[in-house]
Amino acid sequence: MKRRQDRRRTGKKQSKVLKAMLLIVVAAIAGLVIWIGANGWDVKKTLEQAGLSNSDNELPEPPLGAEDTKSEPSIEDGEADEQNPPVAEVKPEEPSEDDQPFDGGYVEGQQLPKEPTYVKNILIANKKYPLPETFAPGESKEARAAFEEMAAEAKLSSFNLTAFSTYRSYDYQVTLYNRYADRDGAEAADRYSARPGYSEHQTGLAFDIGEVNHEKHWASSSFGSTEAGKWLLANAHRYGFILRYPNHKEQITGYMHEAWHYRYVGKPIAEEIFKKNITLEEYLGVD
Ligand SMILES: [Zn+2]
């Protein structure tokens, strides 16, 4: 009996010791977890604090020349990025027309062509597609007939329309452009007057339209605010004319808004351009 009791006591003692050790281990782990937590869950920092890890002591001295290797800018190295931004990433892109302020639209140094440009059977004349110096078709009879028909109907609404400038020869454009450039400077002149060879008036299909006895609105943006100007804007397409240089399309057409400048393209195309509210350049797919 005594031996049995002794054995039991010994067993109880052993289990007590085990329980105590378990408690110590649990407490130690809990303490470690709390400690690491206090260091922002940075195990490395915690180990360094405990003197268990010290990179300065543990890492071997860098070999000679290692500084040069280290200081070379590397994409992975954040600090190197800030101090030495990679040159390749800030390389400026090729200037694109869309991103640039309006530059007049001309291709500098461009020679006038030998032949005029037709796209979809439509004659195009703008700052990218000039006309030959020798191109002299005169005023288009078809366009004149369409204008007279339109003017006759406008008269029914008591608007007395006139085309105060239609066909202009190459030589006349030379005179006109030089006069404007002398007066306002070439840069300003480029915004409202074509250089010789680039005027749509040389096609014989462009009609500058105004009202008889209202010369003050001729070739003026104020024409767009007159009743006649509004009538023209709403009806010209029915006679085959389009407003050639609409508002806010300067980047496409190369010209600021011209409420008076209409271009004859024929009824079907004029209808389509009017309904889609696009420019001739957009219709033809040229820019
Ligand atoms: Zn004009």
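Note that the structure is a prediction, hence the values are computed from the model and not measured. Computation of the quantities below employed the complete heavy-atom set of this structure, encompassing side-chain atoms and omitting hydrogens, waters and symmetry-equivalent molecules. Start at 1 and go down the list; that is how both ligands and their atoms are numbered.
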Can you tell me, to 10 degrees, how wide the angle at the Zn ion (ligand 1) is between NE2 on His201 and OD2 on Asp208?
-> 80°
Testing Trp260, Tyr262, Phe274, Phe207 for ring pair (Phe, Tyr, Trp, His ring centres under 6.0 Å) with Phe241, which one passes?
-> Phe207
Name of the His261 N, O or S atom nearest the Zn ion (ligand 1)?
-> ND1
How far apart are the closest heavy atoms of Phe147 and Ala163, and which atoms are they?
-> CZ-N, 3.5 Å
Where is the tightest heavy-atom contact between Ala270 and Ile242, given as atom of each residue plus distance?
-> CA-CG2, 3.7 Å
Report the residues that fulfil side chain to side chain contact (heavy atoms under 4.5 Å, CB included) with Thr134, sequence neighbours left out, ordered by chain and then residue number.
-> Pro132
Is the Zn ion (ligand 1) less than 2.8 Å from at least one N/O/S atom of Glu200?
-> no
